[in-house]
Amino acid sequence: MIKTNCAKLNTWVKMWADIMQPEKVVLCDGSDAEFTRLMDECVAEGLAKKLDDKKRPNSYYFQSDPSDVARVEGRTFICSRKKEDAGPTNNWMDPKEMKKILIGKYTGCMKGRTMYVIPFSMGPLGGPISQLGVEITDSAYVVGSMKIMTRMGAGALKLIEEKNDFIPCIHSVGKPLPEGLKDAKWACAPIDDKYIVQFPEEHEIWTYGSGYGGNALLGKKCFALRIASKMAQEEGWLAEHMLILKLTKEATKETKCVCAAFPSACGKTNLAMLIPTIPGWKVETIGDDIAWMKFDEEGNLRAINPEAGFFGVAPYTSAKTNKNALDSCSKNTIFTNVGLTPDGDIWWEGIGYDCPKGTIDWKGNIVNDPASRDADENPVAHKNSRFAAPAANCPGIASDWESPKGVKVDAILFGGRRPNTVPLVHEAEDWAHGVFMGSIVGSEVTAAAIGLKAGVRRDPFAMLPFCGYNMGDYFQHWIDMEKLPQAKGGKNLPKIFFVNWFRRDKSNKALPAGFLWPGYGDNSRVLAYIFDRCNGQGETVDTPIGKVPAKGAINIEGLDSCWNEKTMEQVLSVNVDEWKDEVERIEEHYAKFAGHLPKELSDRLAILKQRLGM
Ligand code: SAT
Ligand code: MN
């Protein structure tokens with residue numbers, strides 16, 4: 001059994017070891033030597049491959065079970081005491097009932113395995129916005145990944161001992177290993193036997209049956225979003241599914257920090273690591289997925305990235321689409337479900353060069369004829385294959401990305417993938433209007449997306465699968481932020497914008513796929529406009545939905561000639577009929593929250609209707 005100077009930790013580990021009955025219990029120190037030792041053990045047991053040390057130093061390759069390749073939202077539960085407190089967007093079960101089920105599952109679940117105890121900090125060690133947790137797991141892959149994704153080990157343990165407190169995170173792959181049997185390449189439980197469970201009132205996380213990503217690396221979505229969002233509601237701060245970037249105007253060296261929330265597949269990581277196409281601007285990365293924001297003593301909202309690494313989708317990451325991301329996984333990286341090349345490197349669709357013959361695909365099959373492979377039907381790398389890479393590897397990481405007190409947030413962006421209706425950028429008139437914008441975030445989905453009708457899938461604040469309590473109460477918390485004493489009257493609050501890089505005019509054949517805006521590095525043009533707006537510059541015009549840039553306020557110099565003044569007019573236009581339709585969709589969306597919908601939001605919708613003449 002482990003012996004630390006934290007009595008609570010010792011007792012808790014003993015209790016779980018008695019239930020789970022592991023062969024041994026190991027307290028992780030988070031050292032580089034421990035990482036290499038555990039990963040090399042995985043290699044020796046046939047669970048992983050070490051990549052060529054010259055091409056990818058200290059990097060490892062894993063293939064998951066084909067049934068365990070992503071987060072499982074259908075098996076994710078918010079177990080508050082009252083169902084109403086989980087709200088209309090979460091799966092709920094009574095916490096007592098859920099604990100009974102899970103104790104049953106956990107009993108003896110680590111037989112024949114090692115129980116690893118992982119002390120970790122989300123955010124810089126000891127920082128005023130940071131939080132401490134301990135994860136128990138039976139997966140060495142999880143230990144290695146937590147080492148990359150969090151500040152893990154001895155430093156965090158010392159703080160936990162001082163505080164005698166931590167957020168308990170329980171994980172097991174759910175597959176005891178009978179004596180004498182060889183382990184599976186990737187141990188996990190069948191889909192219906194996976195449980196991703198948050199107890200928001202107790203601030204506890206219990207997960208079972210999956211070894212993949214957010215199901216198993218509990219610092220990430222389970223803690224830093226679901227549990228932290230609840231803690232933030234209780235304590236007056238924000239835990240958000242947002243990237244953080246730092247924008248510098250090189251002529252004056254002036255900087256602004258921007259947090260941005262987008263549903264998946266809207267290019268969040270690309271925006272976080274953007275390389276500007278307009279001269280004189282620099283973008284640096286602070287985080288690519290999660291932001292924790294708290295008011296400082298002056299009433300400024302400050303943000304930290306609670307993570308220490310990027311858990312990025314591999315396919316279509318290339319030197320062209322995102323050089324910073326690609327460079328981030330040049331060493332000390334764990335790859336999962338990508339292709340493995342014959343010379344001991346990795347490959348994925350869209351990496352920027354052809355698949356070498358003899359590559360092994362994510363399912364373990366040899367690719368003999370790469371050219372004839374259908375990348376859509378039968379990709380070499382699974383579409384949700386990932387790299388876990390230290391953020392410190394990123395060439396574009398900001399020098400103050402680990403500042404314990406965080407960076408001052410100047411602007412907050414919401415956005416989605418909307419082929420129509422929503423202009424390239426519009427600005428909130430006040431805080432409540434900005435919250436309204438966050439509450440109606442959504443992305444166009446095709447009918448093919450599992451179990452959904454074609455149309456806009458609403459994903460408020462991009463938090464749909466990550467809000468640890470009633471989403472209506474979460475809207476209210478956002479509204480209330482402005483009035484908190486810590487906000488000092490709300491005078492320093494960030495400005496809020498809504499962006500849409502994806503508006504289209506399919507009839508215009510000169511435009512690539514009809515996109516009215518080039519996107520990618522050219523999004524720096526919109527960021528530059530937002531920067532100016534934060535300084536009270538940049539001309540706007542009022543529309544029923546908020547302020548849009550005046551003609552010429554966004555610099556389009558040097559763009560390909562298919563994007564011009566005419567397409568700018570289109571991409572910034574506000575069409576009253578489209579918005580009337582949008583309002584009806586918003587009303588359907590809002591109806592779900594019933595009595596939990598803040599009055600400020602229904603008032604804001606009423607203003608919009610009135611302006612549209614509805
Ligand atoms: O698997 S993670 O939750 O870490 C990433 C994601 O699915 O968004
Ligand atoms: Mn995410």
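Index from 1, following the sequence. We count ligands from 1, going down the list as the structure has it; atoms in each ligand are counted the same way. Just so it is clear, the model here is predicted, and its values are computed rather than measured.
- Between Gly214 and ligand 1, an N or O atom pair is found at a separation short of 3.5 Å.
- Under the 3.5 Å distance criterion, with hydrogens and angles disregarded, a donor-acceptor pair is assigned to the side chains of His203 and Glu234.
- A cation-pi arrangement is found for Arg75 relative to Tyr195, the charged atom lying closer than 6.0 Å to the ring centre and inside a 45° cone about the ring normal.
- Against a heavy-atom cut-off of under 4.0 Å, Arg386 is close to the following atoms of ligand 1: 5 (C), 6 (C), 7 (O).
- The number of heavy-atom neighbours closer than 6.0 Å to NZ of Lys363, taken from other residues, nucleotides and ligands shown, is 12 or below.
- A salt bridge links Asp68 with Lys194: the distance from a Lys NZ or Arg NE/NH1/NH2 to an Asp or Glu carboxylate oxygen falls below 4.0 Å.
- Close approach of ligand 1 to Lys220 (heavy-atom distance below 4.0 Å) involves ligand atoms 4 (O).
- Using a 4.0 Å cut-off between charged side-chain N and carboxylate O, Lys147 and Asp32 make a salt bridge.
- Lys99 and Glu204 are not joined by a salt bridge, as no carboxylate oxygen comes within less than 4.0 angstrom of a charged side-chain nitrogen.
- The ligand atoms of ligand 1 that sit less than 4.0 angstrom from a heavy atom of Gly213 are 1 (O).
- Take the Mn ion (ligand 2) and draw a sphere of radius 2.8 Å; the protein N/O/S atoms inside it number 3.
- For Asn523 and Trp517, the side-chain atoms include at least one donor-acceptor pair closer than 3.5 Å.
- Side chain to side chain, Ser210 and Asn215 meet the donor-acceptor criterion of an N or O pair below 3.5 Å.
- With Thr137 contributing its side chain and Ser139 its backbone, the two residues share a donor-acceptor pair below 3.5 Å.
- Of all atoms in ligand 1, listed by their number and element, those nearer than 4.0 Å to a heavy atom of Lys221 are 2 (S), 3 (O), 5 (C), 6 (C), 8 (O).
- For atom 7 (O) of ligand 1, the nearest non-hydrogen atom from the set Glu307, Arg71, Lys268 belongs to Arg71.
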